[in-house]
Amino acid sequence: MTTGRVLIIAGSDSSGGAGIQADLKTVTLLGAYGATAITALTAQNTHGVFGIHPVPPDFVAQQIRLVLEDIGADCIKTGMLVDAAIITVAADILSQQDPLIRLVVDPVMISKNGTALLDPAAVSVLKEKLFPLATLITPNIPEAEALLGRIIKTEEDQVQAAKDLLDLGCRTVLLKGGHREGEMITDILATGQGITTMTARRLPGPAAHGTGCTLASGIAA
């Protein structure tokens, strides 16, 4: 039995480890129903992203509208949005939806091997148009640095960054700490009620791509 409808607006990952593929696996395993609007095709594997083919913004908008008009959604999750034009059409549609529909924004910007997944010129549009609609944003540290234009080195830096991201208009910020060095990892949850710090020991093994997509989709579900 499904517990909710999740519309995922994101890019495809040919390796299945991240993007739409990881999103759908996660949502399904958690008992919700996943629908999609695909923003880009990517050619990638576990070593990185080697090619990106964006979907035309009008077609992204058509996917979103048709799903919402027919199936509807209880939560919407965004991942790779490619550029300002796609962010704009998505934000225009989402701003007209029932405010009870939650929006989880994973501000995907850079792949594990350093490939840009969001046009740098689109960062301001992401902050201005999509963040104010978001129930939750889930940046990692490199993404938070790009959004705020400064380096995050310490836990104190991370806490202040979460507060500053909250000031951009979203209701909640989960600033993930996995990119900071050290045996322990600290995530910061910032809401209008204050700061919650969550710390855990780093798991052994190589870094896996798609963990951010999986986490955001799990929260959406």
Side-chain angles (χ1 to χ4, degrees), residues 6 8-11 13 17-23 25-27 29-30 44 46 48-49 75-81 102-118 123 126-127 130-131 133-221:
V6 180
I8 305 152
I9 306 170
D13 171 8
I20 287 286
Q21 288 84 343
D23 297 328
K25 292 172 188 176
T26 303
V27 166
L29 284 169
L30 291 175
Q44 63 177 292
T46 60
V49 179
C75 188
I76 296 168
K77 181 256 180 174
T78 67
M80 178 185 177
L81 295 176
R102 276 37 173 199
L103 174 61
V104 176
V105 175
D106 182 16
V108 175
M109 294 183 180
I110 304 169
S111 72
K112 188 177 74 173
N113 72 331
T115 301
L117 302 179
L118 178 69
V123 173
L126 183 70
K127 293 192 287 186
L130 203 58
F131 281 9
L133 303 175
T135 310
L136 169 70
I137 66 171
T138 62
N140 59 33
I141 285 179
E143 290 161 351
E145 290 176 335
L147 289 164
L148 296 172
R150 66 175 189 261
I151 300 299
I152 299 168
K153 288 186 176 181
T154 66
E155 185 175 325
E156 290 74 20
D157 293 342
Q158 201 177 338
V159 169
Q160 188 58 53
K163 292 178 180 178
D164 292 342
L165 289 168
L166 192 66
D167 288 341
L168 295 176
C170 53
R171 280 185 265 171
T172 314
V173 176
L174 177 61
L175 179 47
K176 301 170 292 186
H179 285 77
R180 277 180 52 213
E181 295 183 358
E183 186 178 350
M184 305 302 291
I185 294 175
T186 299
D187 294 340
I188 304 295
L189 183 70
T191 71
Q193 286 70 51
I195 296 291
T196 301
T197 300
M198 297 169 282
T199 301
R201 190 172 302 278
R202 189 183 299 275
L203 296 175
H209 82 296
T211 52
C213 304
T214 300
L215 175 62
S217 291
I219 294 170

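By convention here, the first residue in the shown sequence is residue 1.
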Enquirer: Which value, rounded to the nearest 0.5 Å, describes the distance between L133 atom CG and R171 atom CZ?
Expert: 9.5 Å
Enquirer: Does the side chain of V27 come within less than 4.5 Å of K77's, by heavy atoms?
Expert: no
Enquirer: Minimum heavy-atom separation for L126 and P107, please, with both atom names.
Expert: CD2-CB, 3.9 Å
Enquirer: D106 versus E143: any side-chain heavy-atom pair under 4.5 Å?
Expert: yes
Enquirer: Looking at R180, I want to see if its CZ is surrounded by more than 12 non-hydrogen atoms of other residues, nucleotides or ligands under 6.0 Å.
Expert: yes
Enquirer: Mind jotting down which residue pairs meet the side-chain hydrogen bond (donor to acceptor under 3.5 Å, both in side chains) criterion with at least one end in residues 211-221? Sequence neighbours excluded, please.
Expert: D23-S217
Enquirer: Between V105 and C170, is any pair of side-chain heavy atoms under 4.5 Å apart?
Expert: no
Enquirer: Just verifying a value: how many Å separate D13 CG and I20 CD1, rounded to the nearest 0.5 Å?
Expert: 10.5 Å
Enquirer: Which heavy atom in G192 sits nearest to a heavy atom in L166, and how many Å separate them?
Expert: N-CD2, 4.0 Å
Enquirer: Within the 4.5 Å heavy-atom criterion, are V108 and L118 side-chain neighbours or not?
Expert: no
Enquirer: Please report the interatomic distance NZ(K176) to CG(N140), rounded to the nearest 0.5 Å.
Expert: 5.0 Å
Enquirer: Check P139 against A144 and note the closest heavy-atom contact, atom names and distance.
Expert: CB-N, 4.2 Å
Enquirer: Quick one: are I137 and L174 in side-chain contact, heavy atoms under 4.5 Å?
Expert: no
Enquirer: Output the distance between atom CD (Q160) and atom CD1 (I188), rounded to the nearest 0.5 Å.
Expert: 11.5 Å
Enquirer: With rounding to the nearest 0.5 Å, note down the distance linking CG in L215 to OG1 in T26.
Expert: 9.5 Å
Enquirer: To the nearest 0.5 Å, tell me how far T199 OG1 sits from M184 CE.
Expert: 6.0 Å
Enquirer: Report yes or no: does R102 contribute a side-chain atom to a donor-acceptor pair with the main-chain N or O of A220 at less than 3.5 Å?
Expert: no
Enquirer: Are T172 and T191 linked by a side-chain donor-acceptor pair shorter than 3.5 Å?
Expert: no
Enquirer: Indicate yes or no for a side-chain donor-acceptor contact from Q158 to the backbone of T186 under 3.5 Å, with no hydrogens or angles considered.
Expert: yes
Enquirer: Between C213 and A18, what is the shortest heavy-atom contact and its length?
Expert: SG-CB, 4.0 Å
Enquirer: Examine distances only and state if a side-chain atom of T135 and a backbone atom of V104 form a donor-acceptor pair shorter than 3.5 Å.
Expert: no
Enquirer: Counting only pairs under 3.5 Å, give me each side-chain donor-acceptor contact of residues 146-154, with atom names and distances, residues two or more places apart or in other chains.
Expert:
from : atom 1 : to   : atom 2 : distance (Å)
R150 : NH1    : D164 : OD2    : 3.2
R150 : NH2    : D164 : OD2    : 2.6
T154 : OG1    : E156 : N      : 3.4
T154 : OG1    : E156 : OE1    : 3.4
T154 : OG1    : D157 : N      : 3.0
T154 : OG1    : D157 : OD1    : 3.4
T154 : OG1    : D157 : OD2    : 3.3

Enquirer: For G178 and R202, work out which heavy atoms get closest and say how close.
Expert: O-NH1, 3.0 Å
Enquirer: Please name the pair of heavy atoms, one in G177 and one in I141, separated by the smallest distance, quoted to 0.1 Å.
Expert: CA-CD1, 4.0 Å
